[in-house]
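Bear in mind that the values here come from a model prediction, so they are computed numbers and not experimental data. Below, chain A is the first sequence line, B the second, and so on; all start at residue 1.
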Amino acid sequence: MSQRKRKRVSTVAKKHLPPVPCPSESHTAVRSPQILGDHASPHAQNLTSHYFSKAAKEQLRLGQEFFDQPCINLARAFLGKVLVRRRADGTELRGRVVETEAYLGGEDKASHSAGGKRTERNAAMFMKPGTIYVYQIYGVYLCMNVSSQGEGAAILLRSLEPLEDQAVMRQLRSIHRREASRPLKDKELCNGPSKLCQALDIPRDFDRRDLATDPEVWLERDPLQKAAMSREVVAAPRIGIDAHGEWAAKPLRFYLRGHPCVSVVDQEAERQMHLGAEPEDAACN
DNA sequence: TGTCTGATTAACT
DNA sequence: GTTAATCAGACAG
């Protein structure tokens, strides 16, 4: 282990989400259309007008009834929805959910709530559907989950497609990186569970908040979700839980096939998916 | 582009 | 004392 690397991680830990000055244009919440090129969701540039209408915004927000569904259904339902983070200065950061994992609680040995185990840390998993569960991992990183129907069941949000405001997201992500490191591509801003927490400024004390009613963080349906969801959904084994035997192999990770913001592409799952199925969608590649 | 490595520290056993 | 739902950087091909 080099001292340089140790210093880097140490720096990350110490910084722990200090306030970030926003660029001057932040309040205007300017969207950068087609940031991800042809690989991103179709017609992304057309979303702008939808988001600027206040009345439309209210209609887009998803309420309690959305979250009140079985874990796997909810994990799939999250795909294509837009996570919104409203910061103290009024900036709204938006990202479309492109990858999730379902943690079923109880029998699911890979879940923090396996065996019905309830602790101070995972209490949010047992709270009403839509409750946010934020926890720290590896001493440095945060992960964001949302509880669903089912005792101790929750959805891990793994990756987002950055929609708005990428400049602020990049700045928030840079806090956790070395100054000399290369600039992040747009698709790298939120392509991991901890990265999306950094990019959307999700702090640990968002734990136990209600995604259905909270004024600082919520979920919206995408006015053009139909277009975004033209991609197939891949079901693959979850990431980073190899030690949990049979549960490690269950296809409880869901992502939009061919989307550039997915954190880990599972070639085998995609091959399996198409054995005997229709020809693949060329638009996804 | 893909693979490998090691850091941190709260939570848990 | 051990583990962990991750990440970025280094290096090989």
Side-chain angles (χ1 to χ4, degrees), chain A residues 1-17 39 71-72 74-75 78 97 99-106 108-125 132-148 152-160 169-170 172-185 187-200 202-205 207 236-245 247-255 260-268 285:
Chain A
M1 165 52 52
S2 68
Q3 288 191 334
R4 187 177 51 188
K5 195 170 197 176
R6 184 176 296 123
K7 188 175 177 184
R8 179 182 65 78
V9 177
S10 170
T11 306
V12 168
K14 282 176 186 166
K15 284 182 175 175
H16 194 63
L17 298 176
H39 295 292
C71 192
I72 292 175
L74 185 58
F78 256 100
V97 180
E99 183 183 359
T100 60
E101 285 182 359
Y103 286 86
L104 309 182
D108 183 354
K109 291 189 168 53
S111 173
H112 287 177
S113 54
K117 182 181 64 182
R118 194 182 305 220
T119 65
E120 180 64 19
R121 179 178 70 155
N122 73 6
M125 299 182 86
I132 297 171
Y133 168 42
V134 179
Y135 69 92
Q136 190 179 33
I137 187 171
Y138 296 104
V140 184
Y141 305 112
L142 297 177
C143 293
M144 175 180 172
N145 298 247
V146 181
S147 70
S148 70
I155 318 301
L156 170 69
L157 302 184
R158 281 197 62 90
S159 303
L160 306 178
M169 291 183 189
R170 186 166 280 102
L172 286 160
R173 290 273 277 116
S174 72
I175 295 169
H176 304 266
R177 312 179 79 231
R178 282 170 42 200
E179 282 180 25
S181 53
R182 66 172 178 82
L184 290 168
K185 297 172 185 170
K187 69 175 184 178
E188 295 172 321
L189 290 172
C190 308
N191 64 338
S194 189
K195 294 176 185 176
L196 73 86
C197 286
Q198 293 174 2
L200 265 68
I202 305 291
R204 196 166 181 191
D205 61 12
D207 186 48
R238 294 169 290 184
I239 302 291
I241 56 162
D242 298 343
H244 294 91
W247 282 92
K250 292 188 185 292
L252 294 173
R253 180 167 71 100
F254 305 98
Y255 65 84
C261 297
V262 169
S263 66
V264 180
V265 171
D266 191 321
Q267 304 282 7
E268 181 56 28
N285 301 312

Can you measure [X] atom [atom1] to [N] atom [atom2] for me and round it to whole angstrom units?
{"X": "A/His112", "N": "C/dA4", "atom1": "NE2", "atom2": "P", "value": "9 Å"}
{"X": "A/Asn191", "N": "B/dT1", "atom1": "CG", "atom2": "P", "value": "13 Å"}
{"X": "A/Ile137", "N": "C/dT2", "atom1": "CD1", "atom2": "C1'", "value": "14 Å"}
{"X": "A/Lys195", "N": "C/dA5", "atom1": "NZ", "atom2": "P", "value": "18 Å"}
{"X": "A/Leu142", "N": "C/dC7", "atom1": "CG", "atom2": "C1'", "value": "13 Å"}
{"X": "A/Ile241", "N": "C/dT6", "atom1": "CD1", "atom2": "C1'", "value": "14 Å"}
{"X": "A/Leu157", "N": "C/dT6", "atom1": "CG", "atom2": "P", "value": "13 Å"}
{"X": "A/Arg238", "N": "C/dA5", "atom1": "CZ", "atom2": "C1'", "value": "9 Å"}

Do [X] side-chain atoms and [Y] backbone N/O form a donor-acceptor pair below 3.5 Å?
{"X": "A/Arg173", "Y": "A/Leu189", "value": "yes"}
{"X": "A/Ser263", "Y": "A/Gly192", "value": "no"}
{"X": "A/Glu101", "Y": "A/Phe254", "value": "no"}
{"X": "A/Asn122", "Y": "A/Lys117", "value": "yes"}
{"X": "A/Ser147", "Y": "A/Met125", "value": "no"}

List every contact pair, protein side and nucleotides 10-13 of chain B side both N or O, where the distance is under 3.5 Å.
| unit_1 | atom_1 | unit_2 | atom_2 | d |
| --- | --- | --- | --- | --- |
| B/dA10 | O3' | A/Arg204 | NH2 | 3.1 |
| B/dA11 | OP1 | A/Arg204 | NH2 | 2.7 |
| B/dC12 | OP1 | A/Thr119 | OG1 | 2.3 |

Do A/Arg238 and A/Tyr103 meet the cation-pi criteria used here (NZ or CZ under 6.0 Å from the six-membered ring centre, within 45° of the axis)?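 The answer is yes, since A/Arg238 meets both limits relative to A/Tyr103.
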
So what does A/Met144 hit on the nucleic acid, given a heavy-atom distance under 4.0 Å: a base, only sugar-phosphate, or nothing?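 Result for A/Met144 = nothing.
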
Once you apply a heavy-atom cut-off of 4.0 Å, does A/Leu156 come out as touching a base, just sugar-phosphate, or nothing?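 Here A/Leu156 touches the bases of the nucleic acid.
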
Mind checking side-chain hydrogen bond (donor to acceptor under 3.5 Å, both in side chains) for A/Asp266 and listing every partner two or more places apart, or none if nothing turns up?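 None.
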
Can you tell me if A/Arg173 touches the phosphate of C/dC7, counting only side-chain N or O atoms and a distance under 4.0 Å to OP1 or OP2?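 Result: no.
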
Is the phosphate of C/dC7, meaning OP1 or OP2, less than 4.0 Å from a side-chain N or O of A/Arg177?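 For C/dC7, neither OP1 nor OP2 has a side-chain N or O of A/Arg177 closer than 4.0 Å.
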
Among C/dT6, C/dA8, C/dA5, find the nucleotide with the atom closest to the side chain of A/Ser194.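 Within the option list, the nearest is C/dT6.
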
With respect to the side chain of A/Tyr135, which nucleotide from C/dT6, C/dA8, C/dA5 is positioned closest?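 The listed nucleotide nearest to A/Tyr135's side chain is C/dA5.
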
Do A/Leu157 and A/Pro193 touch side chain to side chain, with heavy atoms closer than 4.5 Å?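 Counting from C-beta outward, A/Leu157 and A/Pro193 never come under 4.5 Å.
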
Does a side chain donor of either A/Asn191 or A/Lys195 reach within less than 3.5 Å of an acceptor in the other side chain?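 Looking only at side-chain atoms, A/Lys195 and A/Asn191 do form a donor-acceptor pair, the distance falling under 3.5 Å.
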
Starting at the 5' end of DNA chain C and moving along, which residue's nearest nucleotide shows up first, A/Leu184 or A/Tyr133?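 The residue closer to the strand's 5' end, by nearest nucleotide, is A/Tyr133.
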
Paired stems touching DNA chain C, three or more consecutive Watson-Crick or G-U pairs with both distances under 3.5 Å?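 As far as DNA chain C goes, consecutive pairing (with distances under 3.5 Å) yields the stems B:1-7 with C:6-12, B:9-12 with C:1-4.
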
Quick check on A/Lys109: does its NZ atom have over 12 non-hydrogen neighbours (other residues, nucleotides or ligands) under 6.0 Å away?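 No.
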
